[in-house]
Chemist: 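I have a structure here, written as structure tokens, and I will follow up with some questions on it.
The chains referred to below are lettered A, B, ... by the order of the sequence lines, with proteins before strands, and numbering in each begins at 1.
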Number of protein chains: 2
Amino acid sequence: MATLTPPEAPPGADVRTVDIMLVDDHAIVRQGLRSILERESDLRVIAEAASRAEALAVVGATRPQIVLLDLKLSTSSDSEGLDLCAELSEQYPGLGILVLTTFLDDALVLRAVRAGARGYVVKDVDTSGLIRAIRDVARGESAFDARSAAAMVRGLNTPTAAEQKHLTPRECEVLSLLARGLSNRDIGGRLYISETTAKFHVGNILRKLGVTRRAEAVYEASKLGVI
Amino acid sequence: MATLTPPEAPPGADVRTVDIMLVDDHAIVRQGLRSILERESDLRVIAEAASRAEALAVVGATRPQIVLLDLKLSTSSDSEGLDLCAELSEQYPGLGILVLTTFLDDALVLRAVRAGARGYVVKDVDTSGLIRAIRDVARGESAFDARSAAAMVRGLNTPTAAEQKHLTPRECEVLSLLARGLSNRDIGGRLYISETTAKFHVGNILRKLGVTRRAEAVYEASKLGVI
DNA sequence: GTCGTGCCTGTCCGTCCGGACAGGGTGTGC
DNA sequence: GCACACCCTGTCCGGACGGACAGGCACGAC
């Protein structure tokens, strides 16, 4: 077992010490991570943040090398974590962002990488895996656990629901309105096209989705996540 | 700060020592919790489990006083955590189940309590709050952080979507079929009633939901969680 | 240019749907 | 008994819908 590091590393610490910031809205999770990471002599948790705004402020003040970011989701705002990821990587290009999250979603891994994340680790990882990932990212490399890497590959190769059904962009627009219960007339009005055209698109959508009634299409759309 | 306890408490330890089992599918979260809890001299993490099956087996072998249970959800199986909670509280009536989870859902707190949980703490709690909750549950009391308690009260007073809309049981049945895109004829066939009657119910549903088209009703139903 | 694709518009027709009638039956509670 | 809620059934009608015609326009690929 590694020896415990003191809460404050002495001045003149090893230049290879990695300064880490934790971003997670759950205090207990931050505590747990801090407790784990501080057992490693070369890792130092120098800051924490619980929200997007706090993270942006604190990262500027403390300048960590690594941000350990929980993408959480499933709470109120869908893409807060992704937004933060994008903002951080834009404002601090050298910053190593390592996503540590609960969710392993094929598309999410991709979106995180596109938002500037240099690593993606599911919380299901063990301590050594996490620490290895942190050191990798600190060295400028990327770090993905096996399942995240696989998910990324799948995400790249898995077409979206719309693509799977070969829906055209216009049809996607119509579907999203259709899925909200709008009538053909309403859809036409909303898209500045005639009711006939709306009907034309709806017909194509029904055919492509393999259903015959619009209510059924709404149900399919809700399953496909179009709503 | 409390002193660190050795990994194995010596025989003849304080009888008031609380033996804890951690149930969370994320190894890193378990590690973090263990690390936090073992700073307290009266708390001892004697077991961990990552799944429902493992938890049931391990709790029988190790007989902890407290199970710290992550209800997680949002993963594959919806009610695995709740099921486990119910099974544990039925098989081991004296066991103190403290739910420690990411989600604060009004209905979920209630369901957890009905499933036998003696406490509910959101992971957003700080260390002292969690430890206090564990000690409370170990003493046979219940433990809810302020927001969970409030959520429980709300959950008790918030009627379900169907109740809010004053839908009759039969209308709920019809709505669930309607929401799957079935036609009046299909609904009638499925419920062994005439198409006319299905239409009658659908009409009442539309009126009660305040919509005029069934596709709109499907959309509302998907928002209300009827699907 | 030709072809294919996406997008827009129209007509016709049969069906389904939604709304409004008008009943009958059951069970519960007062 | 009576009122009430819930459930079932039917008819009528106008409008919405779904399917199948038949066209037009713009754009990029070959």
Chemist: Between L167(B) (CG) and dA5(D) (C1'), how many Å, whole number?
Modeler: 15 Å
Chemist: Is it true that, when you exclude E54(B) itself, more than 12 heavy atoms of the residues, nucleotides or ligands shown sit nearer than 6.0 Å to its CD?
Modeler: yes
Chemist: For the pair made of CD in E216(B) and P in dA16(D), what is the distance, rounded to whole Å?
Modeler: 14 Å
Chemist: Between K123(B) and D24(B), is there a salt bridge with N-O shorter than 4.0 Å?
Modeler: yes
Chemist: Ignoring backbone atoms, establish whether R213(A) has a side-chain N or O less than 4.0 Å from OP1 or OP2 of dG18(D).
Modeler: no
Chemist: Measure the distance from CD on E173(A) to P on dC7(C) and round it to the nearest whole Å.
Modeler: 8 Å
Chemist: Between the protein and nucleotides 26-28 of chain C, are there any N/O to N/O pairs under 3.5 Å, and if so, what are the atom names and distances?
Modeler:
none

Chemist: Looking only at side-chain N and O atoms, does R170(B) come under 4.0 Å of OP1 or OP2 in dC8(D)?
Modeler: yes
Chemist: Does V137(B) offer a backbone N or O that forms a donor-acceptor pair with the side chain of R118(B) under 3.5 Å?
Modeler: yes
Chemist: I'd like to know if the side chain of R214(A) reaches the main chain of L182(A), judged simply by a donor and an acceptor atom lying under 3.5 Å from each other, with no hydrogens or angles considered.
Modeler: yes
Chemist: Hey, is CD on E141(B) packed in by over 12 heavy atoms from elsewhere, all under 6.0 Å?
Modeler: yes
Chemist: Polar atoms only, N or O, under 3.5 Å: list the protein pairs with nucleotides 9-12 of chain C and their distances.
Modeler:
residue	atom	partner	partner atom	Å
dT9(C)	OP2	S194(A)	N	2.6
dT9(C)	OP2	T197(A)	OG1	2.8
dT9(C)	O5'	T197(A)	OG1	3.3

Chemist: Please check if the side chain of T62(A) supplies one atom and the backbone of V58(A) the other of a donor-acceptor pair under 3.5 Å.
Modeler: yes
Chemist: Do the side chain of R213(A) and the main chain of L206(A) share a donor and acceptor less than 3.5 angstrom apart?
Modeler: no
Chemist: Report the distance from atom CD of E220(B) to atom CG of L175(B), rounding to the nearest 0.5 Å.
Modeler: 10.0 Å
Chemist: What residues in residues 183-191 of chain A put a non-hydrogen atom under 4.0 Å from any atom of DNA chain D?
Modeler: S183(A), N184(A), R185(A)
Chemist: Using OP1 and OP2 only, check whether a side-chain N or O of H201(A) sits under 4.0 Å from dC7(C).
Modeler: no
Chemist: Would you say R207(B) reaches dG19(C)'s phosphate, i.e. side-chain N/O to OP1/OP2 under 4.0 Å?
Modeler: no
